[in-house]
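Only one structure is covered here, and it is reproduced in the block below.
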Amino acid sequence: NSPERARTPAIRVLNDPALDGPTNMARDEALLVRVGKLESPPTLRLYQWEPPTISLGYFQPYAEYESLPPPAGRLAVVRRTTGGGAILHDMELTYSLTLPTNHPLLARGASRLYELAHDAIIAALASFGTHAARGGQTDDSGAARGPFFCFDRRHCYDVLLEHNKIVGSAQRRTREAILQHGSIILANRYDQQSTGVLVQPFADAVQRTRSLLVDRLSEHAGTVSFVPGNWSQEELSHSSTLIPKYAGAEGTQRT
């Protein structure tokens, strides 16, 4: 590493196993709070979902989920801290990138994170022979409006495989930190999900994508390095206190 790269605080990489929806969302929120307070380092978290879960955007009425036909309407459901459309999380790799607002990667604005993450994902998927690209066009969807499913919406930073959206991301911003998380659809088994099937077998593909994404992010991030890390006991304790918020009906079933 160059001296300049060494002086830039590294981003910790956490590789989580497949977890349920409330645990996943609690861990992301704990990182947002703690990174903002400088109690945790800037963090890239890679994770999966078990069981398959619908995550509602922060502003989406629960009644829209209740009206879903099966199989999606019978899946577990959780509400995200970010806006946008619902996502059916199944055969995917999810990432979250949490940075303090003064981080060098935010020097060009928060939208730079979309460019960075999605271009790195495109480069990672190219290793599978997949020719994905940013869509370049935005429809009239917003944080609180648009089709029910996120992958039926379009933003200029979304990653498309032909005409199918396979990567979408959203942000939650506070005065102290920014959380960006997004789904990378690697395969599917539900008609209500994106049809841009990429690679099989899924288990092998997701492990390769974890490694490739870190490598490509490191290349695209310039002087910022990514280093493997672990959860602290304080972080896990903090996230455990947030699980009831995401598991309870009060937040999830909001109208």
Side-chain angles (χ1 to χ4, degrees), residues 1-15 27-47 57-58 80-84 93-126 132-138 141-143 150 153-160 167-184 209-232 235 238:
N1 291 346
S2 67
E4 181 182 5
R5 189 182 185 96
R7 286 196 298 268
T8 304
I11 293 176
R12 174 184 57 168
V13 180
L14 297 175
N15 270 288
R27 288 192 175 194
D28 273 359
E29 182 178 345
L31 287 172
L32 177 64
V33 172
R34 297 182 67 85
V35 169
K37 293 180 177 180
L38 305 181
E39 296 173 346
S40 293
T43 299
L44 170 69
R45 176 178 172 242
L46 303 176
Y47 59 98
Y58 184 80
R80 301 192 308 272
T81 189
T82 53
L93 177 65
T94 310
Y95 78 91
S96 68
L97 183 58
T98 309
L99 305 175
T101 53
N102 64 352
H103 194 275
L105 290 181
L106 297 172
R108 289 169 46 193
S111 293
R112 165 62 177 152
L113 279 192
Y114 290 121
E115 297 178 351
L116 170 68
H118 289 192
D119 287 350
I121 292 167
I122 289 169
L125 295 179
R134 278 198 257 157
Q137 295 185 337
T138 300
S141 299
C150 167
R153 306 182 183 197
R154 291 293 182 271
H155 189 276
C156 63
Y157 297 122
D158 291 338
V159 178
L160 306 184
V167 181
S169 299
Q171 291 182 350
R172 173 69 183 272
R173 306 176 188 180
T174 69
R175 286 179 295 178
E176 296 85 18
I178 290 181
L179 162 73
Q180 177 175 301
H181 55 193
S183 295
I184 307 168
T209 304
R210 283 176 182 261
S211 176
L212 288 166
L213 179 55
V214 174
D215 290 344
R216 299 295 90 81
L217 277 169
S218 184
E219 292 171 359
H220 283 70
T223 61
V224 179
S225 59
F226 291 76
V227 297
N230 297 292
W231 289 96
S232 70
E235 290 171 327
H238 186 170

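Predicted model only: the values in this text are computed from it and were never measured.
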- Give the C-alpha distance, both sets of side-chain angles, the deciding distance and a yes or no for side chain to side chain contact (heavy atoms under 4.5 Å, CB included) between Leu179 and Leu99. CA-CA 7 Å; Leu179 162 73; Leu99 305 175; over 6 Å; no
Taking only residues two or more places apart in sequence or in another chain, which ones pass salt bridge (Lys or Arg N to Asp or Glu O under 4.0 Å) with [X]?
X      : value
Glu176 : none
Arg216 : Glu219
Arg80  : none

Of the non-hydrogen atoms in [X] and [Y], which two are nearest, and what is the gap between them?
X      : Y      : answer
Asp158 : Arg153 : OD2-O, 3.7 Å
Arg27  : Trp231 : NH1-NE1, 3.4 Å
Thr138 : Cys156 : OG1-N, 2.9 Å

- Any pair with a residue in residues 102-114 that passes salt bridge (charged side-chain N to carboxylate O under 4.0 Å, His left out), sequence neighbours left out, goes on the list, sorted by first then second residue, please.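 For residues 102-114: Arg108-Glu115, Arg112-Glu115.
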From [X] atom [atom1] to [Y] atom [atom2], the distance as rounded to the nearest 0.5 Å:
X      : Y      : atom1 : atom2 : value
His103 : Thr98  : NE2   : OG1   : 11.0 Å
Ile122 : Ile184 : CD1   : CD1   : 11.0 Å
Leu116 : Leu217 : CG    : CG    : 5.5 Å
Arg134 : Ile121 : CZ    : CD1   : 11.5 Å
Leu97  : Gln180 : CG    : CD    : 6.5 Å
Leu14  : Tyr95  : CG    : OH    : 15.5 Å

- Task: List the steps and the verdict of side chain to side chain contact (heavy atoms under 4.5 Å, CB included) for Val214 and Leu212.
- Result: CA-CA 5 Å; Val214 174; Leu212 288 166; over 6 Å; no
- Listed partners of Tyr114 passing ring-ring contact (aromatic ring centres under 6.0 Å, His included), at least two apart: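 Once residues adjacent in sequence are excluded, the partners of Tyr114 under the ring-ring contact (aromatic ring centres under 6.0 Å, His included) criterion are Tyr157.
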Partners meeting side chain to side chain donor-acceptor pair (under 3.5 Å) with [X] (sequence neighbours left out):
X     : answer
Thr94 : Trp49, Glu92
Asp28 : Arg45, Tyr47, Ser96, His181
Ser40 : Arg34, Glu235

Can you name the residues that form a side-chain contact (heavy atoms from CB on, under 4.5 Å) with [X], not counting sequence neighbours?
X      : answer
Ala170 : Thr82
Ala110 : Gln171, Arg173, Ile178
Asn230 : none

- Side-chain heavy atoms of Arg175 within contact of Thr101, under 4.5 Å: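 Arg175 does not reach Thr101 side chain to side chain.
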- What's the verdict on side chain to side chain contact (heavy atoms under 4.5 Å, CB included) for Leu213 and Leu46, showing C-alpha distance, side-chain angles and the deciding distance? CA-CA 10 Å; Leu213 179 55; Leu46 303 176; 3.9 Å; yes
- Would you say Thr43's side chain and Pro41's backbone share a donor-acceptor pair under 3.5 angstrom?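 Checking the backbone N and O of Pro41 against the side chain of Thr43, a donor-acceptor pair under 3.5 Å is found.
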